[in-house]
Amino acid sequence: MNILLIGNDSSTFAALAKRLRQEDHVHLVFSSNGAAGLEHIRQKTEKAIDLVVIDEHLPDMTGIEFVRHLVRIDPLVHTAVIGSLPDLAFHEATEGLGILLQLPPQPREQDAEMLLAVFGKITVLMQPDTAGA
């Protein structure tokens, strides 16, 4: 699984990245701003991005603005936003964007575990049903 982490301050991702790196199947890519992150996704290399974790405050846009741009480029890329909005405000601001979840500022290792679990459930649900074949 290829995960793109986007944020101006790499220390925001320190504990999250530490835990994600413990997974054999996870490859992390970093970007310091939204434009570079979008360009990376547009390139569609052999290591296509499966999940993007975006800081709520990027130098060139907000995390939610990034997701709005992303869904126009590739709506199948899963996303999580690091932010501090109350649950209801986050839901209202992101409705229809398909964001998996909001991670807390300075996400911890257990937040990475939750992210992996949610992503795992979504990927299982998206698998074609081969039982009837």
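When a residue number appears, it is its place in the shown sequence, counting from 1. Values below: all heavy atoms of this structure, side chains included; hydrogens, waters and symmetry mates excluded.
Listed for the Asn8 side chain is no donor-acceptor partner under 3.5 Å among the backbone atoms of Pro59.
Here the CG-CG distance, from Asn33 to Asp55, works out to 12.0 Å after rounding to the nearest 0.5 Å. Note that the CG atom of Leu20 and the CD atom of Glu113 stand 9.5 Å from one another [nearest 0.5 Å]. Between the CZ atom in Phe13 and the CD atom in Gln106 there is a gap of 9.5 Å [rounded to 0.5 Å]. In this structure, CD1 on Ile49 lies 5.0 Å from CG on Leu4, to the nearest 0.5 angstrom. Distance check: His57 NE2 to Thr12 OG1 gives 10.0 Å after rounding to the nearest 0.5 Å. With rounding to the nearest 0.5 Å, the separation of CG in Leu5 from CG in Leu51 is 8.5 Å.
Looking at heavy atoms from C-beta onward, Ile82 lies out of side-chain contact with Glu56 at the 4.5 angstrom threshold. A 4.5 Å side-chain heavy-atom check between Leu16 and Glu109 finds every atom pair outside the cut-off. Between Arg68 and Met61, every side-chain heavy-atom pair lies at or beyond the 4.5 Å cut-off. Val67 places none of its side-chain heavy atoms less than 4.5 Å from the side chain of Thr94.
For the side chain to side chain donor-acceptor pair (under 3.5 Å) with Glu23, the qualifying choice from Arg19, His27, Arg21 is Arg19, the only one to do so. Partner of Ile64 under the side chain to side chain contact (heavy atoms under 4.5 Å, CB included) criterion, out of Ile54, Leu97, Thr79: Leu97 alone. For the side chain to side chain contact (heavy atoms under 4.5 Å, CB included) with Val52, the lone residue among Val29, Asp74, Ile6 that qualifies is Ile6.
Across Ser31 and Gly37, no two heavy atoms sit closer than the pair OG-N, 3.2 Å. Here the shortest heavy-atom pairing between Arg108 and Ala15 reads CA-CB, 3.9 Å. Taking each heavy atom of Gly7 and Leu58 in turn, the nearest pair found is CA-CD2, 3.7 Å. Minimum heavy-atom separation, Ala80 to Leu115: CB-CD1, 3.9 Å. Taking all atoms of both residues into account, the shortest heavy-atom contact from Gly83 to Pro105 is O-CD, 3.2 Å. Between Leu85 and Ala93, the shortest heavy-atom distance links the atoms CD1-CB, 4.4 Å.
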Between Asp111 and Met114, does a side chain to side chain contact (heavy atoms under 4.5 Å, CB included) hold up when you go through it step by step? CA-CA 5 Å; Asp111 297 312; Met114 180 178 59; 4.2 Å; yes

Hey, mind stepping through Ile3 and Phe119 against side chain to side chain contact (heavy atoms under 4.5 Å, CB included) and telling me if it holds? CA-CA 11 Å; Ile3 302 175; Phe119 183 79; over 6 Å; no

Which is it for Phe66 and Val81 under the side chain to side chain contact (heavy atoms under 4.5 Å, CB included) test, yes or no, and what are the steps along the way? CA-CA 10 Å; Phe66 174 89; Val81 175; over 6 Å; no

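With respect to the salt-bridge test (charged N to carboxylate O, under 4.0 angstrom), the residues Glu39 and Arg42 qualify.
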